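Shown next, in structure tokens, is the structure this report addresses.
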Amino acid sequence: MSQRQLPFGKPLIYGEERAAIEEVLASGIMVHGPKVKQFEKDFEDFTKAPHALAVASCTAGLHLSYFYNDIKPGDEVICPAQTHTATAHAIEYCGGKPVFIDAEEKTGNIDISQIEAAITENTRAITLVHYLGLPVDMDAINKIAKKHDLFVVEDCALSIGAYYKGQHTGLLGDVGAFSFYPVKHMTTAEGGMLITKHEDMAKKIGVQRAFGVDKVVGERKEAGIYDVTMLGFNYRMNEIESAMGVEQLKRMPGFLEQRKKNFDTLYQELQELSEVQLLESSNNDCQSSYYCLSFLLKDRFSLKRPEVQANLKAQGVGTSVYYPKAVPLLTYYREKYGFGENEFPIASKISDTSIALPVGPHLDEDDMRYVANAVKESIRSVA
Ligand SMILES: *Cc1c(COP(=O)(O)O)cnc(C)c1O
């Protein structure tokens with residue numbers, strides 16, 4: 001096969017997105033307009049969520065979730081070690097302490113069997129990430145949360161289009177936060193969305209995302225007059241981002257279908273490869289959103305990741321690592337809490353020996369066969 005260039009991720013932006021952005025620019029309405037309302041309504045329809053709130057980023061959404069729950073100094077939040085740093089940072093913004101739990105090796109999701117032993121009288125919440133789009137066993141999480149009266153935050157940055165027992169991720173816990181960062185499933189450049197079943201929470205977070213102001217521009221009886229009833233942030237999504245979101249969301253069914261086809265093709269091709277261990281994906285209860293296909297290099301190959309990645313790059317195949325270090329071992333957390341290098345062995349094993357391959361809708365099944373051949377060739381080259 002001749003050389004291809006297959007980036008790990010690539011936003012797919014078309015004429016409809018450009019036209020929608022132009023429409024916003026021409027209207028002169030940049031915030032508090034019709035596009036954000038439309039995007040929220042469409043997101044509710046897509047996920048079947050009772051309430052959706054557009055926010056500035058997934059990180060802002062996570063921060064709002066803990067802030068709403070009044071996480072404060074002295075409070076502890078159960079948090080996966082194998083995730084994006086944002087999952088833990090948002091706890092720290094509130095002065096709370098993330099209590100890290102190692103990953104389970106077959107999926108990379110939080111090891112639920114280790115949670116109960118980490119709960120103390122200061123534990124207030126559990127957060128989790130649906131790692132690479134594969135839903136966590138939410139029945140098991142909710143059972144623990146109910147027993148200890150804990151608030152549940154789902155980091156859904158990689159799980160738009162993922163379902164647990166038929167329900168969209170983000171609706172299983174108390175609140176779910178999505179990301180529209182460029183390499184995620186869909187993009188608004190920067191942006192995020194919160195979904196929840198709780199009406200009172202949606203109302204309050206709606207106020208907290210906009211300074212704690214009691215009346216937004218359109219609701220004011222007298223121009224310019226408002227009160228501030230609580231502390232809040234400027235975490236709104238603007239009209240340009242929202243307009244992009246409306247158009248991108250229409251593409252999601254097609255995007256997800258292509259991701260699944262790509263993933264299945266690549267999985268088939270790599271399944272028999274004895275040098276790698278593929279992370280498990282969908283099963284009966286858990287329908288993945290197929291963010292990427294990640295595998296661990298086994299045995300002596302585990303030390304050859306830089307060479308394998310370089311060889312793939314030379315063949316035009318973009319790769320990534322999710323995530324490059326267990327969060328508690330990132331310098332900020334290691335220095336603050338004094339974790340040792342070997343405390344999160346599974347999360348570290350995934351960080352140190354895994355390679356994530358692209359399956360996004362910018363690629364097709366023939367590209368997947370190219371990627372599979374490139375992987376086999378790369379492994380041969382270091383054998
Ligand atoms: C990308 C990502 C985030 C951050 O999303 P932003 O929208 O950039 O704030 C948070 N959590 C996870 C798991 C992510 O992958």
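Bear in mind the structure is a predicted one, so any value in this text is a computation, not a measurement. Ligands are counted one by one from 1 in listed order, and the atoms in each one are counted from 1 as well.
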- Task: Fit a plane to each ring of Phe151 and Tyr68, take the angle between them on a 0 to 90° scale, and name the class: parallel (under 30°), tilted (30 to 60°) or perpendicular (over 60°).
- Result: tilted
- Message: Using a 4.0 Å cut-off to any heavy atom of Leu158, which atoms of ligand 1 qualify?
- Response: 15 (O)
- Item | Ligand-side contact atoms (ligand 1) for residue partner Gly191, heavy atom cut-off under 4.0 Å | 7 (O)
- Where does Leu62 meet ligand 1, judged by heavy-atom distances below 4.0 Å: at the side chain, the backbone, both, or neither? neither
- Query: Within the distance-only criterion (no hydrogens, no angle test), does the side chain of Asn262 pair as donor or acceptor with the backbone N or O of Leu363 below 3.5 angstrom?
  - Reply: yes
- Query: Purely on distance, is any nitrogen or oxygen of Cys58 under 3.5 Å from one on ligand 1?
  - Reply: yes
- According to the interplanar angle, ranging from 0 to 90°, do the rings of Phe39 and Phe180 count as parallel (below 30°), tilted (30 to 60°) or perpendicular (above 60°)? tilted
- Any donor and acceptor pair, going by atom type alone, linking the side chain of Thr107 with main-chain N or O of Glu280 inside 3.5 Å? no
- Of all protein heavy atoms, the one nearest atom 15 (O) of ligand 1 is Tyr323 OH, 2.6 Å
- Message: Give the atom numbers and elements of ligand 1 that come within less than 4.0 Å of a heavy atom of Val129.
- Response: 13 (C)
- May I ask you to check whether Lys184 has an N/O atom sitting below 3.5 Å from an N/O atom of ligand 1? yes
- Task: Would you please classify the geometry between the His63 ring and the Phe67 ring as parallel, tilted or perpendicular, with 30° and 60° separating the classes?
- Result: perpendicular
- Task: Could you check whether the rings of Phe339 and Phe344 sit parallel, tilted or perpendicular, using 30° and 60° as the cut-offs?
- Result: perpendicular
- Item | Side chain Tyr370, main chain Gln315, donor-acceptor under 3.5 Å | yes
- Which atoms from ligand 1 have a heavy atom of Ser57 less than 4.0 Å away? 7 (O), 9 (O)
- Task: Look at the side chain of Tyr164 and the backbone N and O of Asp139, then say whether any donor-acceptor pair between them is shorter than 3.5 Å.
- Result: yes
- Note on the structure: Quick look: Thr59 vs ligand 1, heavy-atom contacts under 4.0 Å, and the answer is both
- Query: For atom 11 (N) of ligand 1, what is the nearest protein heavy atom, given as residue, atom name and distance?
  - Reply: Asp155 OD2, 2.7 Å
- for atom 6 (P) of ligand 1, nearest protein heavy atom and its distance come out as Ser179 OG, 3.6 Å
- Query: Just wondering, do Gln248 and His185 contact through their side chains at under 4.5 Å, heavy atoms?
  - Reply: no
- Query: So which bit of Ala86 gets within less than 4.0 Å of ligand 1, heavy atoms only: side chain, backbone, both or neither?
  - Reply: side chain
- What atoms in ligand 1 come closer than 4.0 Å to a heavy atom of Ala157? 2 (C), 3 (C), 10 (C), 11 (N), 12 (C), 13 (C), 14 (C), 15 (O)
